[in-house]
Amino acid sequence: DKISRKAKPDDASPRPVFPPTLTGAGVGKNGVKMAEYHLLKLLLEENALIPRTKDEIRLEYFQDEQIGMIIRKVFDLFDQGQTISLSNLMNCFQDSVILERLSGLMALDEVIVADKLKMHRDCLTRLKDDYFKLARQNLRQEIEQAESARDHNRLDELKNRFNQLLKRSS
């Protein structure tokens, strides 16, 4: 990832951690998928990317529920013609966990220096790919369970859902 970190003055206050890592897949129990994190950063830095993002992804694609809630609020504010900024977003939430994540985003003070359009496209592709991969895995498990239980009606329903998912993902 082509992200630079600006050094912050050392102070006594603890720094919120968001995301838990800036390398690797960045997925943990309380972690965030890096594509989701980068997409949020991009939308805050480049509001012009919001309409394209709204057209290309569904909120259900977000595996991190809190990032999904923040992105939903970004979309809502955009639809209302309001300025999209970190401080405006923070004013929209009372949930302490979301506020902590947003302040962590502010504390990291990163600047995305890569080609932002390419990075945006890559983030959207990664979100979609991850969502469809997980959905296919879940459906495969359900199909195996229906086969084991010899539930032919459920099996037919699941196979239809699987085929629909394959069409949506291609």
Side-chain angles (χ1 to χ4, degrees), residues 1-11 13-138 165 168-169:
D1 294 335
K2 295 181 180 179
I3 295 180
S4 65
R5 286 179 153 195
K6 291 182 181 176
K8 296 295 255 180
D10 192 35
D11 59 66
S13 63
R15 286 180 63 152
V17 177
F18 180 75
T21 177
L22 291 175
T23 60
V27 182
K29 183 177 179 189
N30 296 318
V32 61
K33 298 286 262 167
M34 293 308 296
E36 295 177 16
Y37 166 75
H38 288 151
L39 182 61
L40 177 57
K41 265 308 262 179
L42 281 166
L43 295 180
L44 289 172
E45 290 180 13
E46 299 292 333
N47 288 191
L49 295 173
I50 295 171
R52 182 182 298 163
T53 305
K54 284 182 63 177
D55 289 343
E56 292 192 31
I57 64 166
R58 297 178 179 189
L59 292 171
E60 68 192 49
Y61 292 177
F62 291 89
Q63 293 180 29
D64 185 297
E65 185 178 323
Q66 293 160 344
I67 295 295
M69 290 171 64
I70 295 168
I71 296 286
R72 174 180 287 131
K73 185 51 76 175
V74 167
F75 291 170
D76 291 345
L77 291 172
F78 182 81
D79 289 342
Q80 296 166 11
Q82 296 185 27
T83 304
I84 312 301
S85 69
L86 204 47
S87 58
N88 283 355
L89 275 176
M90 291 188 77
N91 291 330
C92 295
F93 292 101
Q94 293 180 358
D95 181 301
S96 61
V97 175
I98 290 178
L99 289 172
E100 183 178 313
R101 304 225 32 213
L102 286 170
S103 11
L105 185 62
M106 196 177 331
L108 286 175
D109 195 26
E110 295 177 343
V111 176
I112 297 175
V113 294
D115 176 352
K116 291 181 181 183
L117 288 177
K118 181 184 181 317
M119 189 170 190
H120 179 256
R121 194 172 44 252
D122 291 347
C123 287
L124 295 180
T125 299
R126 180 67 184 263
L127 248 66
K128 290 177 196 176
D129 289 349
D130 287 352
Y131 170 79
F132 286 114
K133 180 180 178 182
L134 186 61
R136 284 190 305 269
Q137 287 173 348
N138 290 338
L165 184 65
R168 278 182 50 205
S169 65

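- With sequence neighbours excluded, no residue satisfies salt bridge (charged side-chain N to carboxylate O under 4.0 Å, His left out) with Asp76.
- Side-chain contact between Glu56 and Lys128 is present, with at least one heavy-atom pair separated by less than 4.5 Å.
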**OP:** Could you go through the side-chain contact (heavy atoms from CB on, under 4.5 Å) check for Arg52 and Leu117 one step at a time?
**Re:** CA-CA 11 Å; Arg52 182 182 298 163; Leu117 288 177; 3.7 Å; yes
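- A distance of 11.0 Å separates CD of Glu46 from OG1 of Thr53, quoted to the nearest 0.5 Å.
- Contact of the Val74 side chain with the Ile50 side chain is registered, since non-hydrogen atoms from C-beta on lie closer than 4.5 Å.
- With hydrogens and angles left out, the side-chain atoms of Ser85 and Thr83 include no donor and acceptor closer than 3.5 Å.
- For Gln80, the CD atom sits in a packed shell: over 12 heavy atoms of surrounding residues, nucleotides or ligands are nearer than 6.0 Å.
- Once rounded to the nearest 0.5 Å, the distance linking CG of Leu43 with NZ of Lys41 reads 11.5 Å.
- No donor-acceptor pair under 3.5 Å is formed between the side chain of Gln66 and the backbone N or O of Arg101.
- For Tyr61 and Phe132, the ring centers are positioned less than 6.0 Å apart.
- Nearest heavy-atom pair across Glu45 and Lys116 is OE1-NZ, 3.2 Å.
- Looking at Phe62 and Leu39, their side chains come closer than 4.5 Å, going by heavy atoms from C-beta outward.
- Met119 places none of its side-chain heavy atoms less than 4.5 Å from the side chain of Leu49.
- In this structure the side chain of Ile71 reaches within 4.5 angstrom of the side chain of Phe75, judged on heavy atoms.
- When side chains are defined from C-beta on, Leu89 counts as touching Leu77, because their heavy atoms get closer than 4.5 Å.
- The shortest side-chain heavy-atom distance between Leu40 and Leu44 falls under the 4.5 Å cut-off.
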Subject >> Worked verdict on Asp122 versus Lys118 for salt bridge (Lys or Arg N to Asp or Glu O under 4.0 Å) >> reply: CA-CA 6 Å; Asp122 291 347; Lys118 181 184 181 317; 2.9 Å; yes
List, one per line, each side-chain donor-acceptor pair under 3.5 Å for residues 92-99, sequence neighbours excluded.
residue: Asp95; atom: OD1; partner: Val97; partner atom: N; Å: 2.7
residue: Asp95; atom: OD1; partner: Ile98; partner atom: N; Å: 3.0

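- Taking a cutoff of 4.0 Å between a charged side-chain nitrogen and a carboxylate oxygen, Glu60 and Arg168 qualify as a salt bridge.
- In this structure, Phe78 and Ile84 approach most closely via the heavy-atom pair N-CD1, 3.5 Å.
- Separation of atoms CE (Met90) and CD (Glu100) is listed at 10.0 Å; rounding is to 0.5 Å.
- The minimum heavy-atom distance between Cys123 and Ala35, with the atom names listed, is SG-O, 3.6 Å.
- Partners of Thr125 under the side chain to side chain contact (heavy atoms under 4.5 Å, CB included) rule, at least two apart in sequence or in another chain, are Asp129.
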